[in-house]
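Convention: sequence-line order gives letters A, B, ...; per-chain numbering from 1.
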Amino acid sequence: MKIGYPCINRSVNCRGNRTFRLASYSPERFIDVCTANLDCLSQVLRYNVASGILFFRISSDIIPFASHPVLDVAWQEILGEKLGEIGRYIRANRIRISMHPDQFVVINSNRSDVVERSVRELEYHADFLGLLGLSEDARIQIHVGGVYGDRVGAMDRFISSYHELLDDRVRKYLSIENDDRCYCLADCLEISRKTGIPVIFDNFHHSLLNRGEPVSGAMASAAATWGGGCGLPMVDYSSQEPGKRPGVHAETIDTDDFSTFVETCSGLDFDIMLEIKDKEKSALQAIDCLSSDPRLITGVDS
DNA sequence: CGCGGTCAAGTGGCT
DNA sequence: AGCCACTTGACCGCG
């Protein structure tokens with residue numbers, strides 16, 4: 001079991017998600033920002049390894065505007081060597097990597113222009129992981145998309161987009177995650193049966209949108225969609241921020257809730273991405289928590 | 001130098 | 001109809 005956090009480290013004095021406004025695009029600026037982002041990524045990965053954190057989500061902004069038509073720079077070529085170097089570090093230290101394209105990736109949209117942009121964005125993510133030299137145990141996670149008043153039709157559109165529009169380099173890494181509004185775990189499992197896509201279980205979304213499945217069974221059925229070279233199941237974990245609207249992610253980890261969750265999943269091994277706002281701070285607490293709680297059979301990798 | 005409006009992109013649900 | 005939330009706040013013009 002590995003513990004991770006997304007995109008940003010608040011202890012390291014750099015950012016790996018710098019971007020700029022489209023209006024201020026220039027090739028020089030683009031390369032400068034990418035270079036700084038990749039240097040920061042290296043620093044953050046080193047911090048993580050030193051801290052025993054072996055799971056990390058890389059920001060989709062690491063290469064800003066990567067799939068945008070404004071881009072007249074072959075970033076794959078210019079940054080390829082640097083990416084290869086970072087990838088060697090990742091593999092040497094057995095760091096698990098995920099990426100989470102943002103909400104604009106909707107491959108089941110009923111607008112073909114939206115679908116086309118989504119495919120290009122997924123290809124960017126796949127190229128990025130490919131240049132790192134990562135196997136399919138690195139994952140790109142997306143939500144299923146919109147419903148458009150016709151869930152069955154929209155799910156069918158997702159499946160046909162998957163088969164017809166995504167090439168192997170994208171399919172290799174693609175995973176789907178249950179969300180808190182449109183597509184619950186059961187929907188994702190159904191798509192998984194028809195496509196073979198592994199399902200990332202999000203416990204917090206599941207608590208907000210479900211069909212009554214207890215967490216242990218939900219986890220087991222999501223875990224069963226993982227196999228082959230895809231590695232251990234990935235799980236997104238969060239809890240409710242007290243006093244806020246339902247659905248707001250916690251500022252800091254609730255270690256009781258976290259221990260209960262892991263205990264509920266005993267018998268399964270998996271990697272946990274903490275979607276908690278204070279990032280590496282909670283990851284360190286989670287690792288402590290797993291290492292010190294005798295009720296938890298699963299040990300943490302470090 | 002700090003503040004705040006706005007930022008490439010979508011969708012659904014809230015008020 | 002407009003605003004907000006989402007995996008993540010940061011950029012940049014203005015005073």
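Stacking of F104(A) onto the six-membered ring of dA9(B) is present: less than 5.5 angstrom between centres, less than 30° between planes.
Rounded to the nearest Å, the gap between the C1' atom of dT6(B) and that of dC3(C) is 15 Å. When the P atom is used for both dG9(C) and dG12(B), the distance is 25 Å, rounded to whole Å. When the P atom is used for both dG10(B) and dA10(C), the distance is 23 Å, rounded to whole Å. Straight-line distance between the P atoms of dT8(C) and dC7(B): roughly 22 Å, to the nearest whole Å. Taking atom P in both dG5(B) and dC4(C), the straight-line distance is 11 Å, to the nearest Å.
Here R117(A) reaches the OP1 or OP2 of dG10(B): one of its side-chain N or O atoms lies under 4.0 Å away. Between S24(A) and dC12(C) there is a side-chain polar atom (N or O) within less than 4.0 angstrom of OP1 or OP2. H100(A) has no side-chain polar atom (N or O) that falls below the 4.0 Å cut-off from OP1 or OP2 of dT8(C).
When heavy atoms are screened at a 4.0 angstrom cut-off, Q103(A) is found touching base atoms of the nucleic acid. S60(A) comes within 4.0 angstrom of nothing in the nucleic acid, heavy atoms only. Within the 4.0 angstrom heavy-atom criterion, no nucleotide atom of any strand lies near R120(A). Residue T19(A) is classed as a sugar-phosphate contact, given heavy-atom separations below 4.0 Å to backbone atoms only. Residue E177(A) is classed as having no contact, given no heavy-atom separation below 4.0 Å to the nucleic acid. Using a 4.0 Å heavy-atom cutoff across all strands shown, V105(A) reaches no nucleic acid atom at all. Contacts of G247(A) with the nucleic acid, taken as non-hydrogen atoms under 4.0 Å apart, involve only primed sugar atoms and P, OP1 or OP2.
A donor-acceptor contact under 3.5 Å links the side chain of D102(A) to the base of dA9(B). With hydrogens and angles ignored, no donor-acceptor pair closer than 3.5 Å exists between the side chain of R57(A) and the base of dT8(C).
Here the nucleotide nearest the side chain of I8(A), chosen from dG9(C), dT11(B), dA8(B), is dG9(C). Of the candidates dC12(C), dA9(B), dG10(B), dC12(C) carries the atom nearest the R29(A) side chain, counting heavy atoms from C-beta on. Considering only the side chain of K279(A), dT8(C) comes nearest among dC12(C), dA9(B), dT8(C). Of the listed nucleotides (dG10(B), dT7(C), dT8(C)), dG10(B) has the atom at the smallest distance from the side chain of V114(A). Each of dC12(C), dG12(B), dT8(C) was ranked by its minimum atom distance to the side chain of R10(A); first place goes to dT8(C). Ranking dG12(B), dG10(B), dT6(B) by closeness to the R111(A) side chain, first place goes to dG10(B). Of the listed nucleotides (dT7(C), dA9(B), dG12(B)), dG12(B) has the atom at the smallest distance from the side chain of Y148(A).
Between L208(A) and R181(A), every side-chain heavy-atom pair lies at or beyond the 4.5 Å cut-off. Between D72(A) and P27(A), the closest side-chain pair of non-hydrogen atoms falls below 4.5 Å. A 4.5 Å side-chain heavy-atom check between H205(A) and H143(A) finds at least one atom pair inside the cut-off. Residues L274(A) and I253(A) have side chains in contact (heavy-atom distance under 4.5 Å, counting atoms from C-beta outward). Here the side chains of R117(A) and S67(A) are not in contact, with every heavy-atom distance at 4.5 Å or above.
dG13(C) is paired with dC3(B) under the Watson-Crick or G-U wobble criterion, all donor-acceptor distances under 3.5 Å. A 3.5 Å limit on both hydrogen-bonding distances identifies dT11(B) as the Watson-Crick or G-U partner of dA5(C).
Residues R139(A) and S98(A) bring no donor and acceptor atom of their side chains to less than 3.5 Å of each other.
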